[in-house]
> 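One structure, pasted below without further comment.
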Amino acid sequence: QVQLVESGGGLVQPGGSLRLSCAASGSIFSIGSMGWYRQAPGKQREWVAGITSGGTTTYADSVQGRFTISRDNAKNTTYLQMNALKPEDTAVYYCNAWVKRYSSSFLVQYWGQGTQVTVSS
């Protein structure tokens with residue numbers, strides 16, 4: 001089994017910062033791309049940022065220049081540093097990862113349980 005556990009969400013004022021973490025654990029041989037998505041109330045889940053195993057990053061236009069995704073391969077962990085937060089960033093944030101398990105010959109996508117981020121004064 002593979003588990004992804006997010007942490008770091010909370011309530012922050014507009015203009016503030018938060019850092020989310022997502023740690024993968026279990027029978028992991030290797031991890032490919034990792035990413036962050038978010039889902040606001042009444043809206044579809046949207047992609048926020050992604051990072052390849054080699055460290056190449058991509059961002060949604062809405063967060064470009066404010067959010068930074070990174071990863072620590074030794075810890076099987078990805079991070080999302082969120083700065084200059086806006087009320088419209090309020091959502092449940094989910095991480096995902098493409099994982100190759102020891103018992104498998106291909107990558108499988110796993111999701112975390114989500115962490116709430118609320119931006120409000």
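When a residue number appears, it is its place in the shown sequence, counting from 1.
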> Give a yes or no answer on whether the side chain of E6 reaches the backbone of Q113 with a donor-acceptor pair at less than 3.5 Å.
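Present.
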> Once you round to the nearest 0.5 Å, how far does OG of S53 lie from NZ of K100?
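Answer for the OG-NZ pair, S53 versus K100, is 13.5 Å.
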> Might you point out which heavy atoms bring V2 and S27 nearest each other, and give the distance in Å?
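Smallest heavy-atom distance, with atoms named: CG2-O, 4.2 Å.
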> Calculate, to the nearest 0.5 Å, the distance between atoms CZ and CG belonging to F67 and L20 respectively.
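F67 atom CZ to L20 atom CG measures 8.0 Å (nearest 0.5 Å).
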> Do N73 and I31 touch side chain to side chain, with heavy atoms closer than 4.5 Å?
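Side-chain contact under 4.5 Å: no.
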> Nearest 0.5 Å, what's the CD-OG1 distance between Q116 and T90?
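That separation rounds to 7.5 Å.
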> Does F29 reach the side chain of V99, with side-chain heavy atoms less than 4.5 Å apart?
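No, too far: nothing below the 4.5 Å cut-off.
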> Using a 4.5 Å cut-off on heavy atoms from C-beta on, say whether the side chain of R66 contacts that of D89.
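The answer is yes; the side chains approach within 4.5 Å.
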> Which heavy atom of P14 sits nearest a heavy atom of S121, and at what distance?
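The pair with the smallest heavy-atom distance is CD-N, 3.7 Å.
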> If I take atom OG from residue S21 and atom CZ from residue R71, how far apart are they, to the nearest 0.5 angstrom?
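Nearest 0.5 Å value for the OG-CZ distance: 14.0 Å.
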> Under 4.5 Å between any side-chain heavy atoms of V63 and R38, yes or no?
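They are in side-chain contact.
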> Please tell me whether I69 and Y37 are part of a single hydrophobic cluster in this structure, the criterion being side-chain heavy atoms less than 4.5 Å apart.
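Per the 4.5 Å side-chain linkage, I69 and Y37 are not co-clustered.
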> Which heavy atom of L4 sits nearest to which heavy atom of C95, and what is that distance?
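Residues L4 and C95, closest heavy atoms: CD2-SG, 3.6 Å.
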> Heavy-atom distance under 4.5 Å between the side chains of Q81 and S17, does that happen here?
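Yes, at least one pair of side-chain atoms sits under 4.5 Å.
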> Is the backbone N or O of V92 less than 3.5 Å from a side-chain atom of R45, with the two atoms forming a donor-acceptor pair by type?
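No, because the side chain of R45 does not come within donor-acceptor range (under 3.5 Å) of the backbone of V92.
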> Would you give the length of the straight line joining atom CG of N83 to atom CZ of R19, rounded to the nearest 0.5 angstrom?
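Here the rounded value is 11.0 Å.
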> Is there a side-chain contact (heavy atoms from CB on, under 4.5 Å) between R101 and V108 once you walk through the steps?
CA-CA 8 Å; R101 299 174 58 187; V108 176; 6.0 Å; no
> Any heavy-atom pair between the side chains of Y79 and D72 that's under 4.5 Å?
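They are in side-chain contact.
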> Less than 4.5 Å apart, side chain to side chain, heavy atoms only: is that true for E88 and V119?
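No, too far: nothing below the 4.5 Å cut-off.
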> Do Y110 and Y102 share a hydrophobic cluster, counting only Ile, Leu, Val, Met, Phe, Trp and Tyr and linking them when any side-chain heavy atoms are less than 4.5 Å apart?
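Looking at the clustering, Y102 is in a separate group from Y110.
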> Spell out, yes or no, whether W98 and I28 are grouped together once hydrophobic residues are joined by side-chain heavy atoms under 4.5 Å, including indirect joins.
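Result: no, two separate clusters.
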> Can you find a pair of side-chain heavy atoms, one from Y94 and one from N96, that are under 4.5 Å apart?
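No, every pair of side-chain atoms sits at 4.5 Å or beyond.
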> Rounded to the nearest 0.5 Å, how far apart are OG of S30 and CG of L107?
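Separation between the atoms: 6.0 Å.
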